[in-house]
Amino acid sequence: MDFKIHRSKKKAFKPLQEFIADWSNDKEDVDETLGQYMYMCHDEEKTYYKHFGTREYFNIFNDGTTEGEIEDWRNWND
């Protein structure tokens with residue numbers, strides 16, 4: 001498996017941003033959720049993100065399917 005890294009933040013976060021925008025129409029949800037993840041790398045099949053708090057991976061396959069669960073940022077304010 002050949003892992004690659006985007007040098008551009010825009011390219012790195014595009015799959016996650018598109019997924020979250022489909023998940024929620026609320027701009028605050030999109031912004032806050034994006035802020036909780038770090039881009040790790042990508043390969044031919046998927047892009048890997050890691051949550052800052054839980055350290056759990058959330059991966060997005062090139063076909064738009066996902067692996068893992070999105071953390072709801074509102075639960076972190078409790």
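Treat the numbers as computed from the prediction; the structure is a model and nothing was measured.
Other residues, nucleotides and ligands contribute over 12 non-hydrogen atoms within 6.0 Å of the NZ atom of Lys46. For Asn25, the CG atom sits in a loose shell: 12 or fewer heavy atoms of surrounding residues, nucleotides or ligands are nearer than 6.0 Å.
Between Glu18 atom CD and Phe13 atom CZ the span is 13.5 Å, to the nearest 0.5 Å. Tyr49 OH to Thr66 OG1: the interatomic distance, rounded to the nearest 0.5 Å, is 12.0 Å. To the nearest 0.5 Å, atom NE2 of residue His42 and atom CG of residue Asp2 are 9.0 Å apart. Taken to the nearest 0.5 Å, the CD1 atom of Ile60 stands 14.5 Å off from the CD atom of Glu45. Atom CG of residue Asp43 and atom OH of residue Tyr48 lie 4.0 Å apart, to the nearest 0.5 angstrom. Atom CD of Glu44 sits about 12.5 Å away from atom CZ of Phe61, to the nearest 0.5 Å.
For the residue pair Pro15 and Thr47, the shortest heavy atom distance occurs at CG-OG1, 4.0 Å.
Side-chain atoms of His6 do not come within 3.5 Å of backbone N or O of Ser8 as any donor-acceptor pair. Asn59 places no side-chain N or O within donor-acceptor distance of the main-chain N or O of Gly68, the cut-off being under 3.5 Å.
Ile5 and Phe3 sit in two unconnected hydrophobic clusters of ILVMFWY residues. Membership requires side-chain heavy atoms under 4.5 Å apart, directly or through other members. The same ILVMFWY cluster, assembled from side-chain heavy atoms under 4.5 Å apart, contains both Tyr39 and Trp23. Taken together through direct or relayed side-chain contacts under 4.5 Å among Ile, Leu, Val, Met, Phe, Trp and Tyr, Ile70 and Phe52 form parts of separate hydrophobic clusters.
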message: As a quick check of understanding, evaluate side chain to side chain contact (heavy atoms under 4.5 Å, CB included) for Phe58 and Leu16, giving each step before the final call.
response: CA-CA 9 Å; Phe58 181 74; Leu16 184 59; 3.9 Å; yes
task: With side chain to side chain contact (heavy atoms under 4.5 Å, CB included) as the test, would you mind laying out the steps for Ile20 and Leu34 before giving the verdict?
output: CA-CA 8 Å; Ile20 295 170; Leu34 275 174; 4.1 Å; yes
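Ring planes of Tyr37 and His51: perpendicular class, angle over 60° (limits at 30 and 60°).
Between the side chains of Ser24 and Asp26, not a single donor N or O lies within less than 3.5 Å of an accepting N or O.
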